[in-house]
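Below, all heavy atoms of this structure are taken into account, side chains as well, without hydrogens, waters or symmetry copies. Note that the structure is a prediction, hence the values are computed from the model and not measured.
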Amino acid sequence: MNGCQQVFALRNYDLAATLASGQAFRWRYRDSAWHGVIGPRWVRLHAADNLLTAQTAAPVPDWNWLTHYLQLDLDLDRVLATFPSDDAMRSAVAACSGLRLLRQDPWECLASFILSSTKQIVQIQQIIALLCEHHGSAIEVAPGHAAIHAFPSPAQIAALSEAELRACKMGFRAPYLLATARLIAHGKLNLARLESMSVVEAREQLLQFPGVGRKIADCVLLFAYGFQAAFPVDVWVMKALRELYFPKRRPNPQRLLRFTESYFGTHAGYAQQYLFHYMRTRPRLA
DNA sequence: GCCCAGGTGAAGC
DNA sequence: GCTTCACATGGG
């Protein structure tokens, strides 16, 4: 057969919620499977009965890149056990107990979240699809599947003009992405070095990039580097904190940030993702 | 038309 | 210091 297929055991893993929960933006569900790109590889994922079937276009020497990306070896129950036991957190976990955090490529994650500001997830997906289609390298797919491109490298984006980026519908974010790509492509800042830093040092580095503030920095710290203390506060999480934890008062953002740093435990970032997902998916009140 | 979206940076007080 | 505003674009 063409390519390569492998089966993995899943335990308490909601693949659909995880791939569609606004961490990564390139996964699409078609013909009862998830299709996406991890690094240089096209991947098709199908989950059923606690079994995950993964297919690639070309044979692969090992599957560590996939188990790492999906964090298949993580014992989620141990993470959930560290959450504070309050009604809000219980509701959020009950709403989606198999929600996971991915471990993405830092550059793709950074670039994606620079493009995310004041955009709905559907629109972020559209912008990134255009960016990859126009400027990413074509990669091999299994026979019968639509052509697809890798996420463009820093060098590929650094070589573009702002107008070419704006043609991908990213609007005022174009100069931020361009400047960030050039800082990396020209060696001014090195994303690989952040892995060995403390979360505070790594955040400081990310804040050097134009268009990157505290929220986007924390997304990258959490979704790419796995810093469990990172706690991105977007409009949804802000809403969750105010409604669920401070319904009477009106604490300012700085005070709220201090609360998140102490209250949610050693896997605060994970707790944050549950609150985010809960707020976005719970039935709207009349 | 209106308001909002996984915000940030700069200008104004 | 803190608050307000501009920035593109599209969904509901």
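The aromatic rings of Phe259(A) and Phe246(A) stand perpendicular to each other, their planes meeting at an angle above 60°, with 30° marking the opposite boundary. Taking the six-membered ring where the residue is Trp, His145(A) and His35(A) present tilted rings, their angle falling between 30° and 60°. Using bins of under 30°, 30° to 60° and over 60° for the plane-to-plane angle, the ring pair Tyr270(A)/Phe83(A) lands in the tilted bin. Aromatic ring pairs are classed by plane angle as parallel below 30°, tilted from 30° to 60° and perpendicular above 60°; the pair Trp27(A) and Tyr69(A) is tilted. Taking the six-membered ring where the residue is Trp, Phe172(A) and Tyr176(A) present perpendicular rings, their angle passing 60° and hence far from 30°.
Mapping Gln123(A) and Leu207(A) onto DNA chain B by nearest heavy atom places Gln123(A) closer to the 5' end of the strand. In terms of position along DNA chain B, the nucleotide closest to Ile121(A) lies nearer the 5' end than the nucleotide closest to the other residue of the pair Tyr176(A) and Ile121(A).
Residue Trp236(A) and nucleotide dG6(B) are not classified as a stacked aromatic pair, given the requirement of ring centres less than 5.5 Å apart at an interplanar angle below 30°.
Rounded to the nearest Å, the gap between the P atom of dT8(B) and that of dG10(C) is 22 Å. For the C1' atoms, the distance from dC7(C) to dA5(B) is 14 Å, rounded to whole Å. When the P atom is used for both dA6(C) and dC4(B), the distance is 16 Å, rounded to whole Å. Spacing between dA8(C) and dC3(B) at atom C1', rounded to whole Å, works out to 16 Å.
For the pairing with Ile124(A), the side chain to side chain contact (heavy atoms under 4.5 Å, CB included) check across Val122(A), Ile128(A), Ile127(A) returns one residue only, Ile128(A). Of the residues listed (Leu74(A), Thr67(A), Asp73(A), Leu72(A)), the one engaging Leu70(A) in a side chain to side chain contact (heavy atoms under 4.5 Å, CB included) is Leu72(A), and it is the only one.
At a threshold of 4.0 angstrom between heavy atoms, the contacts of Gly213(A) are confined to the sugar-phosphate backbone, with no base atom among them. At a threshold of 4.0 angstrom between heavy atoms, the contacts of Gln273(A) include nucleobase atoms, whether or not backbone atoms are also involved. At the heavy-atom level, Ser112(A) lies nowhere under 4.0 Å from the strands shown. Here Ser116(A) lies in heavy-atom contact (under 4.0 Å) with sugar-phosphate atoms only.
Atom NZ of Lys239(A) is separated from atom P of dC4(B) by 10 Å (rounded to the nearest Å). Taking atom NZ on Lys215(A) and atom P on dA5(B), their separation rounds to 12 Å, with Å as the unit. Here dG6(B) presents its C1' atom at 19 Å from CZ of Arg26(A), a figure rounded to the nearest Å. When the P atom of dG11(C) is taken as reference, atom CD1 of Ile124(A) falls 13 Å away, rounded to whole Å. As rounded to whole Å, 16 Å separates atom C1' of dT8(B) from atom CE of Met170(A). In this structure, Leu257(A) places its CG atom 20 Å from P of dG6(B), rounding to the nearest Å. Note: CE (Met238(A)) to P (dG7(B)) measures 11 Å, nearest angstrom. Put simply, NZ on Lys169(A) is 8 Å from C1' on dT9(C), counting in whole angstrom units.
Residues Ile139(A) and Ile38(A) are members of separate hydrophobic clusters, defined by side-chain heavy-atom contacts under 4.5 angstrom among Ile, Leu, Val, Met, Phe, Trp and Tyr. Under the 4.5 Å side-chain contact rule for hydrophobic residues, Leu206(A) and Met197(A) share a cluster. Cluster annotation: Leu207(A) is not connected to Leu189(A) through the hydrophobic network of ILVMFWY side chains, with a link wherever side-chain heavy atoms come within less than 4.5 Å.
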Taking only N/O atoms, report every protein-nucleotides 10-13 of chain B pair under 3.5 Å with atom names and distance.
none

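DNA chain B lies under 4.0 Å from at least one heavy atom of each of the following residues of residues 216-226 of chain A: Ile216(A), Phe223(A). Within a heavy-atom distance below 4.0 Å of DNA chain C, no residue of residues 93-103 of chain A is found.
Side chains of Val60(A) and Arg41(A) form a contact here, defined as non-hydrogen atoms less than 4.5 Å apart.
You'll find that the side chain of Val235(A) is closest to dA5(B), out of dG10(C), dG9(B), dA5(B). Closest contact between the side chain of Arg166(A) and the listed nucleotides dG6(B), dA8(C), dT9(C) involves dA8(C). Side-chain proximity of Val237(A) to dG6(B), dG11(C), dG7(B): nearest is dG6(B).
Here the side chain of Arg258(A) pairs no donor or acceptor atom with the backbone of Arg255(A) at under 3.5 angstrom.
When the side-chain nitrogen and oxygen atoms of Arg214(A) are compared with OP1 and OP2 of dG7(B), none of them lie within a distance under 4.0 Å.
Seen from the ring of Trp34(A), Arg44(A) does not count as a face-on cation partner, given the 6.0 Å and 45° thresholds.
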